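Side chains are part of it too, since the values below use all heavy atoms of this structure and drop only hydrogens, waters and symmetry mates. When a residue number appears, it is its place in the shown sequence, counting from 1. What you are looking at is a predicted structure, and each value in this text was computed from that prediction instead of being measured.
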Amino acid sequence: MDSPIEPVDEPDTGRSPRLSVGDPELRKTRRLARECATCIFKPGNPMHLTPGRLKQMVSEAHSDAGYIICHSTLPYAGSPVPPAVCRGFADHYRTWQLLVMERLWGFVDVEPPDAGSTHTPE
């Protein structure tokens, strides 16, 4: 008899593979130490998002992974920093996924890739 339940490990052909924000060596979740220079949560819309796009991204994050990956850490952006949770999102929203990550693994805060251009060394 055929099972009416489809296996969950079947790839979703309509989606690209999800990037990992996990640090395999430290076994923690990477999160930016502070907002990047062009954070989507900064006042003034430095990423020039179309009206309603930020709201859409937040809604999608809440219904999917529970976080937004910082655009400056995406591989296609040529980032030297591996994918990390957007600090702006983490500071503004507490999703159950972020709470689980924090409790099970904790976070390792990484400097944004543009840190040299916006931050002076102490």
Side-chain angles (χ1 to χ4, degrees):
M1 187 165 154
D2 290 356
S3 171
I5 301 173
E6 294 182 27
V8 293
D9 60 349
E10 289 294 317
D12 184 355
T13 57
R15 290 187 145 179
S16 57
R18 181 171 292 167
L19 296 172
S20 174
V21 292
D23 186 305
E25 292 177 15
L26 298 176
R27 297 190 164 285
K28 293 183 180 286
T29 302
R30 285 184 300 271
R31 174 182 63 187
L32 286 188
R34 65 181 173 283
E35 290 180 355
C36 71
T38 54
C39 183
I40 59 176
F41 291 94
K42 282 189 185 284
N45 192 12
M47 283 298 295
H48 309 290
L49 299 177
T50 58
R53 179 65 177 130
L54 179 59
K55 183 177 181 180
Q56 177 188 11
M57 292 171 70
V58 169
S59 293
E60 288 173 3
H62 275 102
S63 65
D64 190 27
Y67 57 88
I68 292 175
I69 296 176
C70 175
H71 64 275
S72 69
T73 66
L74 294 173
Y76 66 78
S79 173
V81 177
V85 173
C86 169
R87 188 56 185 239
F89 183 86
D91 286 348
H92 286 86
Y93 300 98
R94 299 297 294 170
T95 63
W96 68 264
Q97 296 94 328
L98 287 175
L99 292 171
V100 168
M101 289 175 191
E102 185 174 35
R103 291 204 174 120
L104 291 181
W105 302 288
F107 290 106
V108 57
D109 288 337
V110 295
E111 290 297 317
D114 56 2
S117 62
T118 61
H119 215 54
T120 55
E122 265 106 357

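- Transitive grouping of hydrophobic side chains (ILVMFWY, heavy atoms separated by less than 4.5 Å) keeps Val108 and Ile69 in distinct clusters.
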N/O donor to acceptor pairs below 3.5 angstrom from side-chain atoms of residues 97-106, sequence neighbours left out:
from   : atom 1 : to    : atom 2 : distance (Å)
Gln97  : NE2    : Asp64 : O      : 3.1
Glu102 : OE1    : Arg94 : NH2    : 2.7

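- Heavy atoms only, all atoms of each residue included: Phe89 and Gly66 are closest at CE2-O, 3.3 Å.
- For the atom pair CH2 (Trp96) and NE2 (His62), the distance works out to 12.0 Å, reported to the nearest 0.5 Å.
- Looking at Pro112 and Glu35, their side chains never come closer than 4.5 Å, going by heavy atoms from C-beta outward.
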Pair up each side-chain donor or acceptor in residues 42-51 with any protein partner under 3.5 Å, not counting sequence neighbours, and list the distances.
from  : atom 1 : to    : atom 2 : distance (Å)
Asn45 : OD1    : His48 : N      : 3.2
Asn45 : OD1    : Leu49 : N      : 2.9
Asn45 : ND2    : Leu49 : O      : 2.9

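- Hydrophobic clustering (ILVMFWY, side-chain heavy atoms < 4.5 Å, transitive): Val21 and Val110 are in distinct clusters.
- Side-chain contact between Cys70 and Cys39: absent, with no pair of heavy atoms (C-beta onward) separated by less than 4.5 Å.
- Shown here for Thr73 and Ala84, the closest heavy-atom pair between the two residues is OG1-N, 3.1 Å.
- Across every non-hydrogen atom of Phe41 and Gly88, the tightest pair is CD1-C, 3.6 Å.
- Formation of a donor-acceptor pair under 3.5 Å by the Ser79 side chain with backbone atoms of Ser72 is found in this model.
- Within the 4.5 Å cutoff, side-chain heavy atoms of Ile68 are placed close to those of Ile40.
- Closest of all the heavy-atom pairs between Thr29 and Val85 is CG2-CG2, 4.1 Å.
- Counting all heavy atoms, side chain and backbone alike, Gly22 lies closest to Arg30 at O-NH1, 2.9 Å.
- Scanning all heavy atoms of the two residues, the minimum distance from Ala90 to Arg31 falls at CB-CD, 4.0 Å.
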